[in-house]
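Remember, it's a predicted structure, so these values are computed and weren't measured experimentally.
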There are 2 protein chains.
Amino acid sequence: MTAGRRTGLHAVAERAGVSVSLVSRILSGDDAVRARPETRERVRAAARELGYQPHGAARALRLARAGALGLVVHDMSNPIHAEIIRGAQAAATDRGQVLLLSDATQLAGNDDAFAQLLGPGRIDGLMWQGSGEEYDDELAARAAGRLPTLLVNSRSRAGVPALRLDDERAARLAVRHLVELGHRDVAYLGGRPGADLTERRRAGYAAELAAHDLAERPQWTVELEWDAPAGYAGMTRLLAAEPRPTAVFVANVVVAVGALAAAREAGVRVPADLSVVAVHDAWFVAHGAPPLTTVRLPLHRLGDMAVSMLLDGDQARAADGLVIDDPAPELLVRGSTAARP
Amino acid sequence: MTAGRRTGLHAVAERAGVSVSLVSRILSGDDAVRARPETRERVRAAARELGYQPHGAARALRLARAGALGLVVHDMSNPIHAEIIRGAQAAATDRGQVLLLSDATQLAGNDDAFAQLLGPGRIDGLMWQGSGEEYDDELAARAAGRLPTLLVNSRSRAGVPALRLDDERAARLAVRHLVELGHRDVAYLGGRPGADLTERRRAGYAAELAAHDLAERPQWTVELEWDAPAGYAGMTRLLAAEPRPTAVFVANVVVAVGALAAAREAGVRVPADLSVVAVHDAWFVAHGAPPLTTVRLPLHRLGDMAVSMLLDGDQARAADGLVIDDPAPELLVRGSTAARP
DNA sequence: TCCTCGTGCGCAAACGTTTTACCAAGCTGG
DNA sequence: CCAGCTTGGTAAAACGTTTGCGCACGAGGA
């Protein structure tokens with residue numbers, strides 16, 4: 001018997017002197033299988049000695065389940081996105097799945113890459129980090145036609161279920177903090193208009209102002225883009241407003257980095273002359289000048305929940321958009337907010 | 001003939017009225033296959049109409065090639081790491097591969113996750129972002145025993161080939177900038193001692209000082225950790241040194257963020273009283289107070305090259321550690337460096 | 001007329017699993 | 001003494017590809 005140099009289960013079976021099917025069932029802990037304890041032990045020993053590892057592709061093929069989830073993000077160097085990835089990564093690993101990372105802008109221009117990622121046998125579900133871009137919704141909808149798909153950090157769009165954070169509450173928390181410091185002239189510095197993120201935070205801002213009988217003014221509302229240069233430009237515009245606000249609510253921490261730079265360059269002291277608070281926290285703004293007051297949202301949990309729901313086939317629960325609010329939004333008061341001058 | 005509701009190639013074959021094998025050959029562009037143009041067209045049309053996509057797992061199984069690469073990183077919220085990921089991602093997509101992301105600290109504690117990622121049929125090669133931690137080398141070496149493996153941003157350790165940047169040159173560039181501004185008392189603020197990253201940047205610092213006949217002083221050398229709090233602590237210590245340096249070379253931009261905060265809190269003005277320059281660039285330090293002078297290194301290229309080498313089976317070229325220096329290190333002069341007071 | 005050869009395609013095995021179906025041997029009860 | 005049940009397994013098909021080999025058919029040459 002010139003033992004075949006086969007690999008995998010076959011090799012284990014040969015060494016243990018049993019059939020391949022028995023090995024499979026024993027190693028996978030199939031309770032229904034009848035085998036003598038002695039045989040079981042022999043099989044397990046053989047597997048151990050040969051260092052048997054199941055073949056991922058073979059399992060995926062046979063089980064019609066890839067054991068992997070896809071995650072499409074926009075910009076990895078955005079700390080917000082990084083935090084979502086971390087959450088998803090941790091949850092996927094915990095549940096014995098692997099995570100397949102892709103980039104939305106690359107996918108947008110590359111049909112082959114899209115097919116490669118979403119074709120059969122690659123992933124069992126997809127998380128798409130929504131950005132409110134047009135192509136984004138279209139691609140996510142296409143994906144949803146093939147696979148369980150979840151938009152992450154977006155409201156439900158084009159019929160794709162979605163997970164989001166309590167942006168309105170976060171905004172209200174931030175604005176309330178400003179009002180409690182005595183500010184009455186609170187401006188809004190948002191991101192790209194049209195995205196629902198913007199709408200929700202803007203709504204929270206407006207609601208909280210209204211709750212205190214404070215006025216929104218058109219010249220105190222600036223919405224440009226979700227990046228630091230836009231924050232710079234936006235703050236520059238707000239500082240030129242007549243009358244000048246005494247506080248600014250910034251809808252995103254990345255935007256706030258640019259905004260603080262603009263204030264600094266304009267010679268406006270934060271927080272002495274102007275208070276600034278932003279939604280989302282990032283490690284580096286805690287070390288800035290001044291350290292930025294922010295509202296922390298459970299981004300990690302967002303990724304975590306997305307993975308769980310996809311794996312549990314539970315994504316329909318988010319059909320109308322599900323709000324993740326378990327670790328509630330938390331105000332982190334640092335050095336960029338102070339009592340009204 | 002009750003056409004089976006089969007999927008994949010089978011369905012295409014049925015619709016085109018040919019065999020599965022012929023479809024496979026035609027669609028994969030096999031030149032050696034002989035088929036009438038008319039048949040070819042019929043097959044292609046059927047594939048198009050059915051929206052045929054090859055089954056990833058089935059191909060992986062048959063071809064004994066997963067079509068995926070693994071990337072293990074340490075901390076996604078570190079902008080340096082994010083940039084490497086981006087580079088690897090882009091290159092992988094370009095070459096029709098997918099990228100499987102994992103986290104080193106998770107893998108360290110979880111043998112199942114390690115096996116899941118590295119078991120047969122999952123990935124064809126692995127990039128491991130080195131950090132100089134002990135467990136890191138051990139795990140990377142274990143991986144290298146199973147798969148083509150490349151350490152990224154590390155020198156070759158435990159026999160595992162590695163790609164790294166020209167850290168020494170970057171350090172020299174930064175220090176030379178300080179010297180050219182007239183500084184003679186230049187301190188070194190590094191990261192966790194022992195890691196080869198630290199050694200290489202420290203060597204560059206020392207070499208450049210020596211080239212200008214400047215002295216290193218023990219009290220001007222601080223090495224703690226690769227994070228912002230360590231930067232804070234380190235700078236605090238340097239500011240207490242006797243005599244106090246007039247410039248600090250910081251081995252990493254993340255550390256520099258903490259260092260700047262410490263200087264600020266101590267009432268030391270940067271750059272008027274103290275110049276600071278750091279290795280690696282990150283978008284947010286350009287907006288800080290002051291904007292940080294940095295040396296940009298081709299991190300993106302690092303990820304890019306790692307993917308290429310693995311896919312080309314070329315990783316042996318890096319057996320002794322290969323230095324990526326194509327876009328050369330570039331000094332970005334901003335506001336944290338000035339002439340000696 | 002027979003042989004050969006090129007053309008155009010089909011058969012079947014294999015990749016490593018999982019799972020359904022089945023079977024031989026031993027035991028038990030009547 | 002045998003029907004039927006339990007025990008301890010085995011055989012084979014299937015998942016969707018790829019690929020080596022073979023085969024039928026018609027044309028052309030001897």
Q) Is there a side chain to side chain contact (heavy atoms under 4.5 Å, CB included) between B:L101 and A:L71 once you walk through the steps? A) CA-CA 10 Å; B:L101 190 71; A:L71 175 57; over 6 Å; no

(Q) I need the CG-P distance between B:L27 and D:dG16, as an integer number of Å. (A) 16 Å

Q) Counting any heavy atom closer than 4.0 Å, what does A:A64 reach on the DNA or RNA strands: base, sugar-phosphate only, or nothing? A) nothing

Q: Output every pair passing side chain to side chain donor-acceptor pair (under 3.5 Å) with a member in residues 108-125 of chain B, not counting sequence neighbours, ordered by first then second residue.
A: none

Q: Looking at every strand, decide which applies to A:V18 at a 4.0 Å heavy-atom threshold: base, sugar-phosphate, or nothing.
A: sugar-phosphate

**Q.** Which atom of A:A162 lies closest to which atom of A:S154, heavy atoms considered
**A.** CB-O, 3.2 Å

Q | Nearest-angstrom distance from the residue atom CD of B:E14 to P of C:dC9 | A | 18 Å

Q. Are the side chain of A:S77 and the backbone of B:A82 linked by a donor-acceptor contact shorter than 3.5 Å?
A. no

**Q.** side-chain contact (heavy atoms from CB on, under 4.5 Å), paired with B:W226, selected from B:L197, B:D75, B:N78
**A.** B:L197

Q) Which whole-number value in Å describes the distance from A:R42 CZ to D:dG8 P? A) 13 Å

Could you go through residues 42-49 of chain B and list every donor-acceptor pair under 3.5 Å that involves a side-chain atom there, pairing it with any protein atom two or more places apart or in another chain?
| residue | atom | partner | partner atom | Å |
| --- | --- | --- | --- | --- |
| B:R42 | NH1 | B:A16 | O | 2.3 |
| B:R48 | NH2 | B:E41 | OE2 | 3.2 |
| B:E49 | OE1 | B:R15 | NH1 | 2.1 |

(Q) Any residue in residues 46-53 of chain B with a heavy atom nearer than 4.0 angstrom to DNA chain D? Just list them by number, or reply none. (A) B:Y52, B:Q53

**Q.** Passing option when B:V12 is tested against B:V20, B:V23, B:I26 for side-chain contact (heavy atoms from CB on, under 4.5 Å)
**A.** B:V23

N/O to N/O distances under 3.5 Å, protein versus nucleotides 19-28 of chain C:
| residue | atom | partner | partner atom | Å |
| --- | --- | --- | --- | --- |
| C:dT19 | O4' | A:R62 | NH2 | 3.4 |

Q. What residues, two or more places apart in sequence or in another chain, satisfy side-chain hydrogen bond (donor to acceptor under 3.5 Å, both in side chains) together with B:R301?
A. B:D326

Q: Would you mind reading off the distance between A:H10 atom NE2 and D:dT10 atom C1', rounded to a whole angstrom?
A: 13 Å

Q: Using modelled atom types only, decide if a donor and an acceptor are shared between the side chain of B:Q89 and the backbone of A:D103 within a distance under 3.5 Å.
A: yes

Q | B:I26 CD1 to C:dC9 P, straight-line distance once rounded to whole Å | A | 7 Å

Q.
Counting neighbours of CZ on A:R65 that are heavy atoms of other residues, nucleotides or ligands and sit closer than 6.0 Å, is the number greater than 12?
A. no

Q.
It should be established whether B:R36 places a side-chain nitrogen or oxygen under 4.0 Å from OP1 or OP2 of nucleotide C:dC9.
A. yes

(Q) Tell me the interatomic distance from A:R65, atom CZ, to C:dG16, atom P, rounded to whole angstroms. (A) 20 Å

Q: Using atom CG of B:L61 as one end and atom P of D:dA14 as the other, report the distance to the nearest whole Å.
A: 17 Å

Q: Please list residues of residues 110-123 of chain B whose heavy atoms come under 4.0 Å from any atom in DNA chain C, ordered by number; otherwise none.
A: none

Q) Rounded to the Å, how far apart are A:E38 CD and D:dT7 P? A) 17 Å

Q) Backbone N or O of B:L126 within a donor-acceptor pair of the B:T149 side chain at under 3.5 Å? A) no

Q. Hey, which of these two, B:P37 or B:A58, hits DNA chain C nearer its 5' end, going by closest nucleotide?
A. B:P37

Q: Work out which heavy atom in B:G303 is nearest to a heavy atom in B:M127; give both atom names and the distance.
A: O-SD, 4.4 Å

